[in-house]
Every structure is written in C-alpha cells, then in structure tokens.
There are 4 protein chains.
Amino acid sequence: MDLKIRIAEAAEQVLLTNGLAKTTTKEIAKAAGCSEGSLYNHFKSKEDLFLHVVRNQLKMLMAAMTSLRNLPGKGTVRGNMEEVALAALNDYNHSMSMICSIFSEPGILDRHREGFESRNEGPHRANETVEGYLLEEKRLGRIPEGMDARAAADLLLGSCFQHAFQSSFTGREETQEERSQYAKRIVDTIFREC
Amino acid sequence: MDLKIRIAEAAEQVLLTNGLAKTTTKEIAKAAGCSEGSLYNHFKSKEDLFLHVVRNQLKMLMAAMTSLRNLPGKGTVRGNMEEVALAALNDYNHSMSMICSIFSEPGILDRHREGFESRNEGPHRANETVEGYLLEEKRLGRIPEGMDARAAADLLLGSCFQHAFQSSFTGREETQEERSQYAKRIVDTIFREC
Amino acid sequence: MDLKIRIAEAAEQVLLTNGLAKTTTKEIAKAAGCSEGSLYNHFKSKEDLFLHVVRNQLKMLMAAMTSLRNLPGKGTVRGNMEEVALAALNDYNHSMSMICSIFSEPGILDRHREGFESRNEGPHRANETVEGYLLEEKRLGRIPEGMDARAAADLLLGSCFQHAFQSSFTGREETQEERSQYAKRIVDTIFREC
Amino acid sequence: MDLKIRIAEAAEQVLLTNGLAKTTTKEIAKAAGCSEGSLYNHFKSKEDLFLHVVRNQLKMLMAAMTSLRNLPGKGTVRGNMEEVALAALNDYNHSMSMICSIFSEPGILDRHREGFESRNEGPHRANETVEGYLLEEKRLGRIPEGMDARAAADLLLGSCFQHAFQSSFTGREETQEERSQYAKRIVDTIFREC
DNA sequence: TATGAATGAGGTTTCATTCAT
DNA sequence: GATGAATGAAACCTCATTCAT
C-alpha cells in the first residue's frame with residue numbers, strides 16, 4: 001500500500017487512541033512501520049499531517065448525509081430521520097475526540113477555518129443537508145407547512161452531537177440498541193405530527 | 001489577592017487564549033505575575049491546575065441552570081426556555097474550547113471521569129435539570145401530557161451545544177441578537193403547542 | 001529537646017533512609033517537625049548540616065575503639081580483637097551508606113579533608129588506635145615480637161570495612177551470629193600464633 | 001568513534017571528576033561533544049547511563065583478578081599476592097569514588113542489586129577468585145594446610161579496599177612505591193609462613 | 001525515496017535559600 | 001527564634017525536524 005496512505009491511517013489510529021497531545025511523530029512512524037524521516041517525505045509537517053487526517057474525518061461525516069438526496073418521498077419521514085440520527089450518533093461518536101482535540105491547537109484550528117471559508121466545508125454543512133431534505137419533504141406535503149426546517153435539522157443533529165459528546169466524555173460504551181432508542185425518542189418529539 | 005486564585009484565573013485566561021497545547025507553565029506564571037516555582041506551591045502539577053480550572057468551568061455551567069428550580073409556573077414556558085437556551089449558548093460558547101481540549105489529554109480525561117462517577121457531576125446534569133423543570137410544568141398542566149420531557153431537554157441543550165461548538169469552531173463572532181433569534185427558533189419548534 | 005539537635009537527628013535519619021541525593025530540606029524539616037526556614041536558623045546551609053551529621057557518625061566510629069586503651073593485658077588478645085572486629089562490623093554497617101555518600105559531593109568531601117588535617121581526625125585514626133593496642137600487647141609479650149602491628153590492625157579493620165561495605169552494597173541483612181563467625185575467622189587467621 | 005562509547009567515556013570522566021551529585025546531563029554532553037538530546041538516543045535515562053558506566057568499572061575490577069587462574073604453582077605465593085594486592089589498590093583507588101557514590105542514590109543501588117542476584121556479579125566475586133587461587137596453592141602444598149583460604153582472601157582485599165578508601169577520602173596522592181610497600185607489609189603479615 | 005542519528009529549543013518540575021511576618 | 005510562601009536557577013527529558021547516507 002502507498003506509504004502516504006499508511007502514514008495517514010497510522011496517524012488517525014494513534015490520534016484516536018492516544019489523544020492529540022500524546023501523538024508523537026515517533027508513535028506515528030512506529031504504527032506506520034516506517035521511519036520518522038519518512039513522514040516528512042509525504043507531509044510537510046506534523047501539523048499538515050493532522051490537517052489531512054481531520055479533513056478526512058469531516059468528509060466521512062458528510063458522506064453519511066449525502067444519501068438524503070435520494071430519500072425525499074420514500075419510506076416515512078420519521079423512519080428516514082431515525083436513520084439519519086443513528087448515522088450521526090455513530091459518526092459523531094467515532095470522531096468526537098479527534099475533532100475536539102483541534103481546540104487545543106489554535107494553529108490547526110486557524111488553518112481549518114481558512115479551509116471552511118474558501119471551500120465551504122465544515123460541520124454546519126451536515127445541518128444544511130438535513131434542512132434541504134426537510135424542505136423537500138415539506139414541498140411534498142409530508143411535513144406540516146409551519147415547521148421550521150432549519151430549526152428541526154439543528155435540533156436533530158444538535159442533540160445527537162451533544163449525546164455523542166457526553167458519551168465520549170464520560171467514556172461510557174453504548175449499545176446500538178441504546179442509540180436507536182435515543183434516536184427514536186428525539187425524532188418522535190421533533191416530528192410528532194408526521 | 002490570594003495567589004492561588006490569581007494562578008487559577010491566569011491559567012483559565014491563558015487556556016482560553018492559547019489552547020491547551022500551547023499553554024505552558026511559563027505563560028501561566030507570567031500571566032499570574034509570579035514565578036513558575038510558585039505554581040507548584042499551590043498545585044501539585046500542571047495537570048492538577050488544569051483539572052481545577054476545568055471543574056470550575058463546569059460548575060459555572062451548572063450554576064446557570066439552578067435558577068430553573070424556582071421557575072415552574074412563572075412566566076411562560078417558552079419564555080423560560082428561551083432564557084435557558086440563551087444562557088446555555090453563552091456558557092457553552094465561553095467554555096467550549098477548554099472543555100473540548102480535554103479530549104487531547106487522555107490523562108486529564110480519565111481523571112475527570114473518576115470525578116463524575118464519584119461525585120455525580122458532569123455535563124449531563126444540566127440536561128437532567130431542564131428535564132426536571134419540564135416535568136414540573138407538565139404536572140402544572142402548562143405543557144402537554146404527551147411530551148417527552150427528557151427528549152425535549154436534550155433537544156434544547158443539544159442544539160445549543162452544537163451551535164456553540166460550530167461558532168467556536170468557525171471562529172465567527174455572534175451578536176446577542178443572533179443568539180436570541182436562534183434560541184427563539186428552536187424553542188418555538190420544540191414547544192410549538194405551549 | 002533543643003531544636004538544633006532534633007534537626008540533626010532528623011537529618012541523620014533521612015540520610016540513612018533515603019540516601020544523600022534524595023535528602024531534601026523539605027524532608028528533613030518534616031522529619032524534625034519544624035519548618036524549612038528553621039533549618040537556616042541553626043545551620044548556615046544544607047551542606048553545613050550534612051557536615052555536622054557526618055562528623056558525628058565518624059565520632060561514634062572512633063568511640064568504639066577507645067575502650068581499647070584499658071584492655072592490654074586483660075582477657076585474651078584474640079578475644080579482645082574479636083570484640084573490636086564485631087564492633088567495627090556493626091559500626092561500619094550502620095554508617096557505611098552515609099560515609100560513602102560523601103563521595104558524591106566533592107564540596108562536602110573537600111571540607112571534610114580540611115577538618116582532617118587541622119584536627120587530625122578521620123577514619124584512619126581507628127586503625128592507629130588498634131595498632132597502639134597491639135604494640136602494647138607486644139610490649140607485654142602477648143603477641144610475637146615479629147608481628148607487624150600496623151599491618152595487623154589494617155588487616156583487621158580493612159576486612160571488616162570491606163565486609164560491611166559489601167553487606168550494605170548487596171543489601172543482605174546479616175545476623176549477629178554471622179558477624180561473630182566472620183570476626184572469629186579473620187582474627188584466627190591474623191593472630192594464629194596468639 | 002561510536003557516539004555511544006564516547007558518551008559513556010565522557011560520563012565516566014565527569015563522574016570521577018565532579019562526583020555523582022554534580023554530574024549533570026549538560027556536563028556529560030559537553031564532555032562528549034554532543035547535544036544533551038543525543039544522550040537519550042543511546043541511553044534511556046541518566047540513571048541508565050550511570051548503571052552502564054558503573055558496571056563497566058566493576059568489570060574492570062574483576063578483569064584484574066582473572067589472571068590468577070593461570071598463576072597457581074608459578075613464581076612465589078607472596079610474589080603473586082603482592083601483585084594482586086597492588087592491582088587491587090590501583091583499581092579500588094580509581095573507581096572508589098564512583099562506586100561509593102551509588103550509596104547516595106538508592107534507586108541506582110536497587111537496580112544494581114537486581115543485577116547481582118540474577119547475574120552473580122558484584123564486588124564479592126573478586127574475593128572468591130583470590131580464595132580459589134589460594135585453595136589451588138594449598139592443594140599444591142605451597143601454603144599451610146591449616147590456613148583459612150577465604151579469610152586470607154578477605155584480609156588481603158579488605159585491607160586494600162579500606163586503604164584505597166582512606167586514600168580517596170583524604171585526597172592524598174600516593175606513589176606506586178608507597179603502594180608497593182603497603183602491599184608487601186600486608187602480604188608478609190598474612191602469608192608469613194609461605 | 002527511505003532512513004535514523006543528531007539536534008536544540010523548550011517543557012515541566014525540584015529544591016536550597018530568602019525574607020516579611 | 002520560628003515560619004512558610006515565594007523565588008529562580010538549574011535539572012532531566014521530549015520531540016518535531018533536518019540531513020548525510
């Protein structure tokens with residue numbers, strides 16, 4: 001496999017396992033099975049490597065939402081939203097520690113922000129995608145005219161986000177069944193008329 | 001003023017300004033106007049100092065919620081909830097970077113978790129407090145019998161949490177007016193029958 | 001009790017327990033039940049305190065030998081020498097770690113040397129004392145004319161010294177019975193004609 | 001030359017010159033002509049470096065004794081023993097301060113002890129070697145049947161050890177001639193019938 | 001391109017000593 | 001005389017980065 005990819009995957013694994021502060025170039029090199037020097041043949045600096053890894057995580061978060069493009073009109077709104085909520089819970093959980101770690105490194109945070117504005121990326125895009133789906137369902141008459149699509153999207157993903165944060169924070173492992181229950185409760189509360 | 005307090009406040013300020021990774025004992029000492037050695041007269045280690053600061057932040061988050069104890073039956077539910085949402089937005093915004101930073105230091109994270117279990121602290125307590133308020137209002141007949149109080153609380157605080165996270169993440173400053181608008185939209189959506 | 005004495009005894013105890021490198025003013029103060037500042041009311045510096053303590057140890061080593069002054073002509077030479085050997089083994093054992101520690105601090109070592117020359121102190125005085133005893137016994141005809149009294153004294157105390165050193169070095173605890181056996185063997189070998 | 005060896009030699013030199021307490025990583029690096037960081041590419045810690053150096057010293061002590069294996073029956077017993085005594089005086093003198101320094105660092109002392117038990121090393125091995133030689137000479141009839149070989153060995157090396165200790169302690173330089181005289185006197189006294 | 005020894009700046013922590021109370 | 005908080009120098013060690021091979 002391409003060494004560059006192996007390094008990136010090793011970095012991701014070490015980051016998730018050890019936390020940003022304890023992620024050293026030596027550890028990454030060991031996990032990738034190469035020398036420390038090799039890291040610098042493929043990435044300009046340790047910071048660059050982190051940016052690469054974190055952007056991949058954010059892309060994965062977004063990917064889960066893209067399926068919504070094809071969903072309006074299919075199944076039930078509640079069913080679709082439950083699946084979205086479950087996907088969000090899983091993805092948020094997986095990448096929470098890495099995403100949060102960025103706050104400890106203002107240098108990396110700043111470089112992320114640059115990317116957001118120029119490429120219109122960022123975590124808020126997921127909320128926009130759900131909003132888009134809900135607007136479409138409203139157009140199809142499957143949700144009430146009076147519902148605030150953006151607010152509904154923010155409520156859905158926001159509560160999933162905080163739930164994942166608190167899970168990661170307290171370190172409590174959660175079963176898929178528990179996550180499904182949580183998704184159902186919040187969807188039922190937001191979309192009680194659908 | 002007591003040097004211990006001055007050190008803790010200096011540490012908080014440096015943490016919020018520079019991020020955990022760039023917060024050095026030297027910076028803290030400079031900000032506190034004392035020598036590095038003095039830090040160790042009052043805190044056993046840098047990690048201990050962080051723990052102290054972060055716990056204070058979490059306490060402040062909780063304090064804002066305690067006013068809910070006296071509110072059931074007063075004003076309107078929506079009005080009360082808007083105030084809670086606004087307070088949550090402000091508090092989350094202020095401490096988001098520090099709270100998130102903990103994920104970069106598994107050592108600190110672990111020690112926090114110990115504290116949670118033994119002292120029943122932690123971020124989830126805020127959600128419980130809002131749930132308690134809503135249950136009381138339900139008993140008073142001011143919100144529908146069928147509403148899931150815990151889900152409503154999670155939706156409210158969860159979306160505020162994510163909103164604050166995204167604000168901090170993108171670095172966009174928000175006016176109080178914008179925050180009020182956001183609070184109003186989500187409260188209107190959750191409590192549309194009240 | 002006088003605080004100065006309490007401090008000196010505390011320092012001795014900490015030195016024997018923790019080793020010179022791990023003997024801090026804080027530990028000494030704790031052991032003496034006083035503040036660190038108090039140490040400096042009674043001793044000019046930490047080094048001065050050590051000198052005081054180590055000189056006391058050396059004095060105790062010497063004290064055991066002074067009884068020899070009254071011994072010539074009494075008991076048997078072998079018996080007397082066995083008692084001396086046993087006393088030396090016990091004393092050397094007790095203070096070996098402290099005496100040796102001096103080598104790690106050339107500053108202290110130098111100041112000791114000054115003392116030796118001006119006051120004619122030092123570990124070699126013990127050997128001289130034993131030599132003096134043997135010369136007296138030779139005069140009394142209880143040991144052969146041809147025996148080299150100084151060499152005999154050096155052999156006796158030297159082997160006890162090394163034995164104690166090796167005991168301390170390997171950390172093996174020794175019973176009084178074992179020490180007596182050792183003393184008997186070397187005395188029998190040195191004084192086989194007496 | 002290999003940097004690892006250069007570091008070890010520099011450490012030895014600094015240790016002998018400055019004493020353990022005043023031997024800093026900065027000094028060692030300067031003496032070795034490399035950066036402090038390089039020390040840690042070759043030794044896990046300062047303590048590990050010390051252990052390495054001290055073990056080498058002890059090995060050198062032993063090496064001088066191994067020549068005894070080929071000596072039984074050759075030359076005279078007294079002549080052989082005088083050479084052994086002289087070698088011991090020289091070696092003990094050279095490494096006394098370093099060996100003794102260990103007592104100031106219980107951590108290092110403990111790790112040494114582990115080594116002794118598992119590898120059967122240690123200073124007592126030299127005494128065993130001399131004892132072995134004497135037993136062989138006794139078998140050859142060159143020393144009296146009644147002589148206690150182990151006691152004789154302990155007397156010989158013990159007095160050399162203490163003599164070297166006192167030399168180092170008082171800081172008095174000794175000529176080879178003086179050392180030879182001392183060796184002769186103690187050998188004559190122990191082996192007066194040979 | 002891959003290596004890994006060497007670097008050196010900078011981090012946290014310890015500790016003997018001082019001094020105002 | 002007794003205190004103990006404050007000090008600041010200096011210790012050990014880490015780690016991202018470079019560069020000759």
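In what follows, chains carry the letters A, B, and so on, assigned in the order in which the sequence lines appear, proteins first and then strands, with residues in each chain numbered from 1.
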| Gap between atom CD of C/Glu12 and atom OG of C/Ser95 - 0.5 Å precision |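 Output value for this atom pair is 9.0 Å.
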
| task | State the CD1-OG distance between A/Ile28 and A/Ser38, to the nearest 0.5 angstrom. | result |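 So the gap between those two atoms works out to 13.0 Å.
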
Distance in angstrom units between [X] [atom1] and [N] [atom2], rounded:
X: A/Glu27; N: F/dA16; atom1: CD; atom2: C1'; answer: 14 Å
X: C/Phe50; N: E/dC15; atom1: CZ; atom2: P; answer: 12 Å
X: A/Glu36; N: F/dT18; atom1: CD; atom2: P; answer: 13 Å
X: A/Ile7; N: F/dT17; atom1: CD1; atom2: C1'; answer: 15 Å
X: B/Lys30; N: E/dG11; atom1: NZ; atom2: C1'; answer: 15 Å
X: B/Phe43; N: E/dT12; atom1: CZ; atom2: P; answer: 15 Å
X: D/Lys4; N: E/dG4; atom1: NZ; atom2: P; answer: 16 Å
X: C/Lys22; N: E/dT14; atom1: NZ; atom2: C1'; answer: 11 Å

| query | A/Gly33 or D/Gly33: which one's nearest nucleotide on DNA chain E is closer to the 5' end? | reply |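 Upstream on the strand: A/Gly33.
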
| said: Is it the case that the base of F/dA5 and the side chain of B/Asn41 share a donor-acceptor contact (distance under 3.5 Å, atom types as modelled)? | reply: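 Absent.
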
If you check every side-chain atom of [X], which of [options] has the closest atom?
X: B/Ser45; options: E/dT13, F/dT17, E/dA2; value: E/dT13
X: B/Tyr40; options: F/dT7, F/dT18, E/dT12; value: E/dT12
X: C/Thr24; options: E/dA2, F/dA16, E/dA16; value: E/dA16
X: A/Ser35; options: E/dG11, E/dT13, E/dT3; value: E/dT3

| field | Comparing B/Cys34 and D/Gly37 on DNA chain F - which has the more 5′ nearest nucleotide | value |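 That would be B/Cys34.
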
| Nearest-nucleotide 5' precedence on DNA chain F, A/Glu47 against D/Thr23 |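 It is D/Thr23 whose nearest nucleotide is closer to the 5' end.
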
For a quick test of reading the model: is some side-chain N or O of [X] closer than 4.0 Å to OP1 or OP2 of [N]?
X: C/His42; N: F/dA2; value: yes
X: B/Ser38; N: F/dT7; value: yes
X: C/Lys46; N: E/dA16; value: yes
X: B/Thr25; N: E/dG11; value: no

| Sidechain N-carboxylate O distance under 4.0 Å for B/Glu36, B/Lys30 |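 No, this pair does not count.
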
| SB check C/Glu27 C/Lys22 (cutoff 4.0 Å) |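 Salt bridge flag = no for C/Lys22 with C/Glu27.
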
| said: At 4.0 Å (heavy atoms only), tell me whether B/Leu39 reaches a base, stays on the sugar-phosphate, or touches nothing. | reply: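 Answer is nothing: B/Leu39 stays at 4.0 Å or more from every strand.
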
| What is the ring orientation for C/Phe103 with D/Phe169, classed by angle as parallel under 30°, tilted 30 to 60°, or perpendicular over 60°? |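 Plane angle over 60°, so perpendicular.
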
| Who is the Watson-Crick or G-U wobble partner of F/dA20, with both distances under 3.5 Å? |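 Answer to the pairing question: E/dT3, which forms a Watson-Crick or G-U pair with F/dA20.
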
| request: Applying side chain to side chain contact (heavy atoms under 4.5 Å, CB included), run through D/Leu16 and D/Met98 and close with a yes or a no. | output: CA-CA 6 Å; D/Leu16 291 173; D/Met98 194 183 306; 3.6 Å; yes

